[in-house]
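Right, one structure below, let's go through it.
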Amino acid sequence: MQGLESAAGDWDEILTAEHDMALAIFDKMLATDETQTFKRKMLFMKLCHALDKHAHAEEMVVYPALREANEAADADNFESEHGYIKTFIYELSEMGPDAPTWLEKVREFRQLVAEHARMEEEEVFPKFKRDMDEEQNAHITSLVNRDGFWMA
Ligand SMILES: [Fe+2]
Ligand SMILES: [Fe+2]
């Protein structure tokens, strides 16, 4: 059960660590040039996998729990932004790693993800967590861990 143990911490700490990981992949992508198409492809695949796993945990666990806690507007807004994240993935894969506008597109994409992550980390998740009791916090954490485990 190595996978479960390595994901230690509360649900919000796990999600924050995943945000940081995704942003670090973006930074590596932004440090490439148009001759490094293989590296760009590998980093893009890694990014897609990381974002997919992360979005799954939020959409299957955290956002439904937010709606249950009467924070449906935030959950709906986040879910809509996940749709635009998928749109960037679609556009980048259509464009290909040697396109002259690739870096510009990745930069715009990073900005959306960074702002989305900041809203979750600084505005919505802390407020949500403050209203939880210990038991609920532990429950959401175990669901997020289990969701990550299914997707791994
Ligand atoms: Fe999200
Ligand atoms: Fe997130």
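Order of appearance sets the numbers: ligands from 1, and atoms from 1 within every ligand.
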(message) So, of the N/O/S atoms that H116 has, which is the nearest one to the Fe ion (ligand 1)?
(response) NE2
(message) Rounded to the nearest 10°, what angle sits at the Fe ion (ligand 1) between NE2 of H82 and OH of Y63?
(response) 80°
(message) Can you tell me which N/O/S atom of E58 has the shortest distance to the Fe ion (ligand 2)?
(response) OE2
(request) Indicate yes or no: does E115 engage R110 in a salt bridge with an N to O separation below 4.0 Å. (result)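 Result for this pair is no, no salt bridge flagged.
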(request) Flag the pair E59 and K86 as a salt bridge only when some basic side-chain nitrogen lies within less than 4.0 angstrom of an acidic carboxylate oxygen. (result)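 K86 and E59: salt-bridged.
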(message) Keeping E58 on the side-chain end and A55 on the backbone end, is there a donor-acceptor pair under 3.5 Å?
(response)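 Judged by distance alone, no pair lies under 3.5 Å.
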(request) Taking the side chain as every heavy atom from C-beta outward, state whether D52 and H56 have any atom pair closer than 4.5 Å. (result)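 D52 vs H56: side chains apart.
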(message) What do you get for the angle at the Fe ion (ligand 2) between OE1 on E120 and NE2 on H19, to the nearest 10 degrees?
(response)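 With the Fe ion (ligand 2) as the vertex, the angle is close to 90°.
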(message) Would you say CD of Q136 has more than 12 non-hydrogen atoms from neighbouring residues, nucleotides or ligands within 6.0 angstrom?
(response) yes
(message) Under 2.8 Å from the Fe ion (ligand 2), is there any N, O or S atom belonging to E121?
(response)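 So E121 does not count as coordinating the Fe ion (ligand 2).
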